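What follows is one structure encoded as structure tokens, with my remarks underneath.
Below, read A as the first sequence line, B as the second, and so on, with proteins coming before strands; counting in each chain starts at 1. Values below: all heavy atoms of this structure, side chains included; hydrogens, waters and symmetry mates excluded. These numbers come from a predicted model, not from an experiment.
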Amino acid sequence: MTDKKQTDENKLIAERRRKLEALREQGNAFPNNFRRNALADELQKMYGARENESFEAEAVEVAVAGRMLVKRDFGKANFIKLQDRSGQIQIRVERDRLPDGVYAAFKKWDVGDIVGASGALFKTNTGELTVRADEIRLLTKSLRPLPEKFHGLADQEIRYRQRYVDLIMNDESRDVFRKRSAIVQYIRAFLDAQNFLEVETPMMQTTPGGAIARPFMTHHNALDMELYLRIAPELNLKRLIVGGFDRVYEINRSFRNEGVSTQHNPEFTMLELYRAYADYEDLIDMVEALLRGMSDAITGSTKLTYQGEEFDFAKPFARTTVEDVILRFNPDIEKAKLRDRDYLAASCEQLGIPVNNGFGVGKLQIEIFEKTVEDNLRQPTFVTQYPTEVSPLSRKNDADPFLTDRFEFFVAGRELANGFSELNDAEEQAERFRAQAEYRAAGDDEAMAFDHDYIRALEYGMPPTAGIGVGIDRLVMLFTDSPSIRDVLLFPHMRPEVFD
RNA sequence: GGGGCGUUAGCUCAGAGGUAGAGCAUUCGGCUUUUAACCGACUGGUCGUAGGUUCGAUCCCUACACGCCCCA
């Protein structure tokens with residue numbers, strides 16, 4: 001414990017501490033024996049349409065509890081509002097209905113305090129469903145004042161750092177995280193219905209693999225060894241396919257030691273799933289069905305608006321290939337020279353893309369694709385046939401080994417999913433790892449490490465399989481119209497706050 | 001890593017080279033059907049941090065911290 005004084009102590013907090021001190025002197029200041037029997041929103045749904053006569057004919061007694069967010073004092077009576085997880089309910093507090101002393105104590109309570117109240121429902125003159133309190137209790141004293149009632153909490157930094165205050169004050173914020181939960185539940189139900197097995201695989205790995213990214217490193221003290229936080233669960237999930245669980249998925253965190261932006265958080269959530277005896281086209285169909293159903297289930301519509309732009313999930317999603325879509329958005333590039341390294345390198349120079357000597361045709365294509373195409377993929381679009389050079393875990397296309405049976409899925413210019421038919425030829429996979437090791441030796445510290453155990457697993461035989469990764473955070477951004485990934489993470493990564 | 005913008009009362013925000021303002025909240029008083037309740041009175045600040053320029057800086061300059069946005 002620190003004996004340093006917190007910097008943000010102020011008169012308002014001091015006043016509330018005095019009130020808490022008085023409560024302590026009167027007995028237990030933190031009681032936990034009040035029980036509610038109703039939620040605000042349930043009451044609104046069940047009784048909101050009733051007239052006062054019906055309450056007079058048959059009294060409805062309820063007990064509610066929540067945070068007091070509104071207090072309107074009329075002298076000998078008050079209107080207050082309590083907010084629980086479902087919504088808000090108004091309470092009328094009248095001096096003359098309460099036991100001696102209760103009302104006088106209540107007058108000292110503050111907005112932000114946690115309160116329990118019980119009594120009968122009625123409708124006010126303005127038609128608002130209200131509980132007329134026969135009992136009211138302070139359950140938890142709040143020491144810190146809440147933001148101003150009308151403008152609420154607007155400061156982005158406080159909204160992210162003190163998410164608890166954001167959640168108290170902002171309905172929209174609570175809504176985002178309810179939708180996030182609904183999206184994940186929808187995915188689980190969708191996959192469970194197809195007999196996928198949900199699994200958990202290690203986040204701490206000795207060899208990070210399954211993606212092209214820089215890992216976080218950590219240290220195990222007892223074993224005195226370096227460990228990496230996973231950049232993807234991919235290789236372990238495919239080990240499970242080898243083991244015979246031929247439909248598996250995992251929804252959990254991966255970690256990438258890269259920049260932070262509106263699209264990137266160092267830890268983020270992915271769905272990865274693997275399905276044996278299926279190819280990438282089966283998964284394209286699956287993603288399309290999943291998203292169409294999800295859109296309908298989450299928003300009630302197959303059309304959704306993101307940052308002012310409308311996206312139609314009812315229409316069949318567009319499908320194109322990397323090479324076709326490069327030509328579409330780069331009319332100057334000659335189709336016949338799409339696999340001419342010198343030509344592509346010159347195109348990159350023109351586009352201001354730095355070219356490394358180690359880049360092959362495939363890498364150059366992808367650089368051009370990322371620079372000139374991605375932003376333009378607005379409506380839901382599958383892009384297929386990624387170069388083998390940039391797809392070290394993907395199965396080569398039977399007709400054209402320059403390409404793999406791989407796709408990425410884009411909406412609003414953002415990659416939401418990446419999937420492919422899996423490379424299950426152990427010897428070819430070893431070859432691909434060796435190529436990656438050469439890139440690594442040449443200075444590419446994102447290149448994949450050679451994973452000997454993964455090769456051994458493939459040598460036992462992995463059935464023909466397809467797999468996909470879906471970025472859950474970006475999906476939630478899309479469905480909640482959130483401009484920043486931080487808006488869909490309860491506790492986004494921030495630089496540490498300084499307390500002195 | 002580079003650029004732009006921001007940081008003033010608990011919150012939302014004004015403000016100007018000459019010692020700091022509003023609304024809400026708090027405190028006190030009034031009010032038994034309000035909806036940002038209302039009426040009256042009073043409080044409340046190291047103007048992000050550290051330097052510099054100046055008779056004087058919260059305002060101008062520099063650096064740093066934190067945040068937001070854009071670019072790599």
Scan the side chains in residues 105-117 of chain A for donor-acceptor partners under 3.5 Å anywhere in the protein, sequence neighbours excluded, and list what turns up.
| residue | atom | partner | partner atom | Å |
| --- | --- | --- | --- | --- |
| Lys107(A) | NZ | Asp73(A) | OD1 | 3.1 |
| Lys107(A) | NZ | Asp73(A) | OD2 | 3.1 |
| Lys107(A) | NZ | Gly75(A) | O | 2.9 |
| Trp109(A) | NE1 | Ala105(A) | O | 3.2 |
| Asp110(A) | OD1 | Lys19(A) | NZ | 2.9 |
| Asp110(A) | OD2 | Lys19(A) | NZ | 3.1 |
| Asp110(A) | OD2 | Lys141(A) | NZ | 2.6 |
| Asp113(A) | OD1 | Lys141(A) | NZ | 3.3 |
| Asp113(A) | OD1 | Ser142(A) | N | 3.0 |
| Asp113(A) | OD2 | Asp110(A) | N | 2.8 |
| Asp113(A) | OD2 | Lys141(A) | NZ | 2.8 |

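Pairing for C5(B) goes to G67(B), judged as Watson-Crick or G-U wobble with the two contacts each under 3.5 Å. In this structure, U62(B) and A50(B) make a Watson-Crick or G-U wobble pair, each of the two defining distances being under 3.5 angstrom. For G17(B), there is no paired base (Watson-Crick or G-U wobble, both distances below 3.5 Å). With a 3.5 Å ceiling on both atom-pair distances, the Watson-Crick or G-U wobble partner of G23(B) is C11(B).
Between Arg174(A) and Glu172(A) there is no salt bridge, since none of the side-chain N atoms of the basic residue sits less than 4.0 Å from a carboxylate O of the acidic one.
In this structure, Arg72(A) reaches the A37(B) phosphate: one of its side-chain N or O atoms is under 4.0 Å from OP1 or OP2. In this structure, Lys149(A) does not reach the C11(B) phosphate: none of its side-chain N or O atoms is under 4.0 Å from OP1 or OP2. For U27(B), the OP1/OP2 oxygens have a side-chain nitrogen or oxygen of Lys19(A) closer than 4.0 Å. Remark: Arg495(A) is in phosphate contact with C66(B), judged by side-chain N or O atoms under 4.0 Å from OP1 or OP2.
The side chain of Arg486(A) has C69(B) as its nearest neighbour among C69(B), U33(B), C31(B). When each of G10(B), A37(B), C66(B) is scored by its nearest atom to the side-chain atoms of Leu12(A), the top-ranked nucleotide is G10(B). Ranking C31(B), A36(B), C11(B) by closeness to the Leu153(A) side chain, first place goes to C11(B). Proximity note for Glu157(A) (side chain, C-beta onward) versus A36(B), C31(B), G67(B): the nearest is G67(B). Looking at the side chain of Glu15(A), the nearest of the listed nucleotides U27(B), C31(B), U32(B) is U27(B).
Each of Pro145(A) and Tyr160(A) has a nearest nucleotide on RNA chain B; the 5'-most of these lies closest to Pro145(A). When each of Glu148(A) and Lys81(A) is assigned the nucleotide of RNA chain B with its nearest heavy atom, Glu148(A) is the one assigned upstream, toward the 5' end.
Atom name C1', nucleotides U43(B) and G1(B): the rounded distance is 48 Å, in whole Å. Here, U34(B) and A41(B) have their P atoms 25 Å apart, quoted to the whole Å. For the C1' atom pair drawn from U58(B) and U49(B), the interatomic distance equals 13 Å after rounding to whole Å. C70(B) and A14(B): their C1' atoms are spaced 28 Å apart (whole Å). Straight-line distance between the P atoms of U26(B) and C39(B): roughly 15 Å, to the nearest whole Å. Distance noted for atom P between G23(B) and G56(B): 35 Å (whole Å). Distance check on atom P: A36(B) versus G44(B) gives 30 Å, rounded to whole Å. Taking the P atom of each, C55(B) and C47(B) are spaced 22 Å apart, rounded to whole Å.
For Phe79(A) and U34(B), the ring-to-base geometry satisfies the stacking test (centroid distance below 5.5 Å, interplanar angle below 30°).
If you check distances only, the side chain of Arg92(A) does reach the base of U32(B) with a donor-acceptor pair under 3.5 Å. Judged by distance alone, with hydrogens and angles left aside, Gln90(A) brings a side-chain donor or acceptor within reach of the base of U34(B), the pair sitting under 3.5 Å.
Within the 4.0 angstrom heavy-atom criterion, no nucleotide atom of any strand lies near Arg95(A). At the heavy-atom level, Lys371(A) lies under 4.0 Å from the strands shown only through sugar-phosphate atoms. Residue contacts shown for Asp155(A) are limited to sugar-phosphate atoms, with no base heavy atom under 4.0 Å away. Across all strands shown, Tyr103(A) has no heavy atoms under 4.0 Å from either base or sugar-phosphate atoms. Gly152(A) comes within contact range of the sugar-phosphate backbone alone, with a heavy-atom separation under 4.0 Å but no base atom that close.
A cation-pi arrangement is not found for Arg95(A) relative to Tyr103(A), the charged atom failing to lie both closer than 6.0 Å to the ring centre and inside a 45° cone about the ring normal. Annotation: cation-pi pair Arg406(A)/Tyr386(A) present, NZ/CZ under 6.0 Å from the ring centroid and within 45° of its normal.
Put simply, the side chain of Arg50(A) never gets that close to the backbone of Lys123(A): no donor and acceptor are under 3.5 Å apart. At distances below 3.5 Å, at least one donor-acceptor pair connects side-chain atoms of Asp340(A) with backbone N or O atoms of Asp342(A).
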Next on the checklist: As a quick check of understanding, evaluate side chain to side chain contact (heavy atoms under 4.5 Å, CB included) for Arg474(A) and Glu415(A), giving each step before the final call.
Outcome noted: CA-CA 8 Å; Arg474(A) 289 182 185 179; Glu415(A) 180 204 333; 4.2 Å; yes
Item to check | Worked check of side chain to side chain contact (heavy atoms under 4.5 Å, CB included) between Ile212(A) and Met448(A) | outcome: CA-CA 6 Å; Ile212(A) 293 176; Met448(A) 277 183 194; 4.1 Å; yes
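Aromatic ring centroids of Phe55(A) and Phe122(A) lie 6.0 Å or more apart.
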N/O-N/O pairs, protein side and nucleotides 42-49 of chain B side, under 3.5 Å:
| residue | atom | partner | partner atom | Å |
| --- | --- | --- | --- | --- |
| U43(B) | O2' | Lys11(A) | NZ | 3.1 |

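What separates NZ of Lys71(A) from C1' of U32(B) is a distance of 15 Å, to the nearest Å. We find that CD of Gln156(A) is positioned 7 Å from P of C68(B), with the value rounded to whole Å.
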